[in-house]
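One structure below.
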Amino acid sequence: NQTNYQRNFISFLKEDILNLLTSYIITISIIFLLNINFNSELILFYILIFHITILGIYKIYFNYLYQKLIDKNVIQKNIMLIGTYEEIKKILKDKFDKIYIFKCCIITDIKKFNLKLLKSEIKFPIFRENEDIRAILEYHSLGQIWILNGDKNNKNILSKIFKFSVDTLNIKLDEELNVSGKKLLSNKYHYEFYEKSRFYGVNLFIKIIIDKILSVFFLLISSPVLLISILLIYIEDGFPLLFTQNRTGWDGRRFKIYKLRSLKKTFFDRTVQVTKEDKRTLKIGKFLRKYSIDELPQFINVLKGDMSIVGPRPHMVEHDIHYSNLFSNFLKRHKCNPGVTGWAQVNGLRGATPTPDLMKKRMDFDLWYLNNWTVYLDIYIIFK
């Protein structure tokens, strides 16, 4: 439609043409700086044609790659809908971009209908308002919640949702279409964010690139230390050499964290946090923990995409459940990938958190980081 065409055309002008002109100016500047002689203006023309060709190939390839990633569900937004039966039916009749995947819904007036009838019409899981929201978010790996006509209805459920990290949108189904400067969802519905993560777009892409490059670098330079540590663990206590444990990642996704094993296997309990003078610790384990050498394998988690170099430290799943009952904002820490280090850690809040007060302080630093994140802040934390 016309709105789509205008948006894409303006995007082309602003981004592609700007990149083309920039590269063209740089090329001409290099020619003049190096005093390269050319006898004809045809050379500049050929340079321009070359850049246009490269730009075209670049766009075709990355558009193809982007489409493949969507088709394979690598790039997607898993969404839960919240609204009345009629509102949810209205949304499901519309054609949205492939990136939007509706995984489940909460029907606020579910008592009015026969549940079997609803399930026959809506082909994904249906929940009631009193369900365990945390379990739904984690099981379906939800990235967004769409609250339909949230400023008019569903106010009771907002207080339950706002304690979690997931991006939350108010979709205004009843407003008349108005294209005068307002953002539209699927070129049709006005919307606003109740909760929105800062981790998106170009800045997130830069963060991911930094993570991948530095993880490879850190693993290479630390490989002698890792190999010696693995050998000493094996000599003292045999296999296993690595410790793995379920942790909670971005939007509640579960992943296995990697560490060098620092505890004796005969006194192994994955659910008990290690303390400073823990009797279960290996002799070599005390040294590994003191200098955080046991954390080095987490750069493998970063390469896999489960973690970032900088972010809130991931806790045991049991701790997440426990502290989310004590602190209403605790689960907002999952608004980005967990980190090998973080803002709390470089400010002295690292290691065990045996008391709720210590955990509260760590949580406050983590939330400050999430609300103020920039790429430059990450770089500062890495250096620190």
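The residues of the chain are indexed from 1 along the displayed sequence. Note that the structure is a prediction, hence the values are computed from the model and not measured.
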Donor + acceptor pair across side chains of [X], [Y] (<3.5 Å):
X      : Y      : result
Arg128 : Thr108 : no
Ser308 : Lys207 : yes
Asn149 : Glu87  : yes
Asn170 : Glu192 : yes
Tyr189 : Asp94  : yes
Asp109 : Thr84  : no
Tyr369 : Asp364 : no
Thr248 : Asp320 : yes
Asp366 : Trp343 : no

Open item on the list: Check for me whether Arg289 meets the cation-pi criterion with Phe287, that is, NZ or CZ under 6.0 Å from the six-membered ring centre and within 45 degrees of the ring axis.
Closed with: no
TODO: To the nearest 0.5 Å, tell me how far Leu142 CG sits from Ile136 CD1.
DONE: 8.0 Å
Open item on the list: What's the separation between atom CD1 in Ile293 and atom OG in Ser229, rounded to the nearest 0.5 Å?
Closed with: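 If I round to the nearest 0.5 Å, the distance is 5.0 Å.
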Open item on the list: Looking at Arg253 and Asp306, is any side-chain nitrogen of the basic one under 4.0 Å from a carboxylate oxygen of the acidic one?
Closed with: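 Result for this pair is no, no salt bridge flagged.
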Open item on the list: For Glu236, is there an ion pair with Lys264 - N to carboxylate O distance below 4.0 angstrom?
Closed with: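 A salt bridge is absent here (no side-chain N lies under 4.0 Å from a carboxylate O).
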Aromatic rings [X] and [Y]: how do their planes relate, parallel, tilted or perpendicular, breaks at 30° and 60°?
X      : Y      : result
Phe102 : Trp146 : perpendicular
Phe193 : Tyr191 : perpendicular
Trp250 : Phe199 : perpendicular

TODO: Test Glu86 against Lys90 for salt bridge (charged side-chain N to carboxylate O under 4.0 Å, His left out), laying out the working first.
DONE: CA-CA 6 Å; Glu86 291 299 325; Lys90 186 176 182 179; over 6 Å; no
Open item on the list: Looking at Lys259, is its backbone amide N or carbonyl O close enough to the side chain of Glu295 to form a donor-acceptor pair, meaning the two atoms are under 3.5 Å apart?
Closed with: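 Absent.
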TODO: Measure across Tyr100 and Ile79 and return the closest heavy-atom pair with its distance rounded to 0.1 Å.
DONE: CD2-CD1, 3.5 Å
Task: Minimum-distance pair of heavy atoms, taken over all atoms of Leu296 and Ser222 - done: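 Shortest heavy-atom separation between Leu296 and Ser222 comes out as CD1-CB, 3.8 Å.
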